[in-house]
Amino acid sequence: MLCCWGMLVHATLDFPGWGDPNAPAHLHVAPEYLEQAYEETATPNVVTAVLADYRGYDTMFETAVIFSAGLACFFLLRVQPRKEEEEDRFFRHLATDMVIRIRTPSMHVPDSPYLQQLDPYWTPRSLIVRAACRVLTPFIQLFALYVVAHGHHSPGGGFQGGVILGASFILIALSHDLRTSMKMTPEKLMGVLSPAGVLIYAGVGALCVVAGHNFLDYGALAEWLGTAPEAARSLGILFVEVGVAVCVMATMIIIYANLSSAGGYKQGL
Amino acid sequence: MESITGLILAKYNYWMYISLMMIGLYAMIAKNNLVKKIIGMNILQTAIILFYISIGAKKGATIPIIMHSEGHGHEAVHAVQYMNPLPHVLMLTAIVVSVATLGVALALAIRLYARFGTLEEDEINDQIREAP
């Protein structure tokens, strides 16, 4: 390991110094992106322009990678609860604080506003943490939407916004419990949204084909949107970023819910 | 003496990333616990991400977001004034891949723990060998 370290350090002696404007990395294709991105795509954020337009294919399959990671976690971990499995269920009567234990597996307990289902290893959560997280969550989600929608003009984009959006639901799961958060983001809905994000991305690309251009050539949308081709590219990037954000958010929640409860979705962290 | 200081100032960030990378690689190879291996893999990925980002830096340049000047149109863009956007784009996708691999690796670790009751690699190997 030390030998490998020494060889790599020796190799850095041939590197250009840190921040050297004449380093080879800055001299070939990068200046062209920088100089032409604004004229061609009307997107000030060159990183977003390169990500979603010049390298659109890469990003599309990146979204597919995310989706398949969520799928892999789901198939590895998700277990359907067996009906005849004997397990204790605990319910707390909210008015009197009495706890009921139900052992009969077939007994159906309807959702009731007076009863709260408890986890067997339930511990009382801190009121301050719960209240603070509940107040914070809408602002986090608003910020996430801003990051997605403003990805052209400021640092941001679909991946970042999607992760922030997913993290806000994970914060609810951490501060309350997994059951509360899965009520807000039902498993089936997330399972639909995750591939839907990939489909939005591919669908925008396919629309460009329908309009007679190349796949993911957003300039094709100009006629339908009634704008100049540059502005249409900018809007196309936005559509695609929304697809990325939806896919990333749903997949983050799927991965978290599966990992934290080992697939049972009963009691997470 | 001047040249040595200059050399260190120009290269020390690369040496930091190489050290981080070696820490990650060591953890992946030498550690017995699977979760420690996964942590090592993440350290390695992070080191490479940092390395690429540092390649994108340029002295005296700003972030790669073209400034618009309201009113009097758009001025010509000089590439020297902006950092290289390509490493940022590549690493944005690398972060995504690292999250995906981390999620799948942890899911596999959970399955292994459910099957063997341990995450130590040698104990899992023993159990596999003893099985008929």
Side-chain angles (χ1 to χ4, degrees), chain A residues 1-2 4-5 8-9 12-13 15-21 23 25-26 29-39 43-51 54-55 58-59 62-63 65-66 68-70 72-74 76-77 153-155 157 159-160 163 248 251-252 255-256 258-259 262-263, chain B residues 6-7 9-15 17-19 21-23 25-26 29-30 52 54-61 63-68 74 76-90 92-97 99-104 106-111 113-114:
Chain A
M1 210 54 72
L2 282 176
C4 189
W5 185 87
L8 285 171
V9 165
T12 61
L13 296 181
F15 276 30
W18 182 70
D20 181 6
H26 304 320
V29 69
E32 290 179 15
Y33 281 147
L34 276 171
E35 281 161 11
Q36 292 167 9
Y38 190 81
E39 286 168 27
T43 304
N45 187 347
V46 184
V47 175
T48 309
V50 175
L51 180 86
Y54 294 106
R55 299 178 62 87
D58 185 12
T59 312
E62 205 68 38
T63 321
V65 164
I66 289 269
S68 37
C73 273
F74 177 84
L76 278 171
L77 288 176
H153 297 272
S154 59
F159 288 111
Q160 298 90 325
V163 166
V248 168
T251 312
M252 285 303 130
I255 291 181
Y256 172 79
N258 274 307
L259 285 183
Chain B
L7 181 76
L9 277 179
K11 305 283 161 62
Y12 78 96
N13 58 332
Y14 298 135
W15 300 342
Y17 308 144
I18 291 171
S19 311
M21 211 175 123
M22 288 301 118
I23 292 171
L25 198 60
Y26 171 79
I29 294 174
Y52 265 76
S54 98
I55 284 181
K58 266 187 219 171
K59 275 209 182 72
I63 52 171
I65 293 176
I66 313 280
M67 280 177 277
H68 5 209
H74 180 68
V77 181
H78 299 291
V80 189
Q81 293 170 351
Y82 298 98
M83 285 189 200
N84 194 345
L86 271 180
H88 296 86
V89 175
L90 295 178
L92 202 60
T93 51
I95 292 170
V96 170
V97 172
V99 167
T101 48
L102 180 69
V104 176
L106 284 175
L108 282 172
I110 290 176
R111 293 304 296 168
Y113 187 79

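First the proteins, then the strands, lettered A, B, ... as listed; each starts at 1. Just so it is clear, the model here is predicted, and its values are computed rather than measured.
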Any side-chain heavy-atom pair of A/V46 and B/V89 under 4.5 Å: no
Side chain, backbone, both or neither of B/L86 within contact of chain A (heavy atoms, under 4.5 Å): side chain
Euclidean distance, A/M1 CE relative to B/I29 CD1, rounded to 0.5 Å: 4.0 Å
Side chains of A/Q160 and B/L92 in contact at under 4.5 Å (non-hydrogen atoms): yes
Minimum heavy-atom distance A/L77-B/R111, with the two atoms named: CD2-CD, 3.7 Å
Heavy-atom pair count under 4.5 Å with chain A, highest-scoring of B/V104, B/N13, B/I18, B/I110: B/I18
Most contacts with chain A, counted as non-hydrogen pairs under 4.5 angstrom, among B/A107, B/A100, B/P87, B/A114: B/A107
B/T101 versus chain A, the contacting section by heavy-atom distance below 4.5 Å: neither
Per-residue contact mode, A/I255 against chain B (heavy atom under 4.5 angstrom): side chain
Reported CG-to-CE distance for the pair A/L2 and B/M22, which is rounded to 0.5 angstrom: 10.0 Å
Minimum-distance pair of heavy atoms, taken over all atoms of A/V47 and B/H88: CG2-CB, 4.1 Å
Residue A/T63 versus chain B: region with a heavy atom under 4.5 Å: neither
Minimum heavy-atom distance A/W5-B/W15, with the two atoms named: NE1-O, 4.3 Å
Closest-packed option against chain B by number of heavy-atom pairs under 4.5 Å, given A/G157, A/A72, A/C73: A/C73
Which atom of B/K11 lies closest to which atom of A/T12, heavy atoms considered: CD-O, 3.2 Å
Side chain, backbone, both or neither of B/L106 within contact of chain A (heavy atoms, under 4.5 Å): both
Qualifying residues under ring-ring contact (aromatic ring centres under 6.0 Å, His included), relative to B/Y17, sequence neighbours excluded: none
Region of B/L90 in contact with chain A, defined by heavy-atom distances below 4.5 Å: side chain
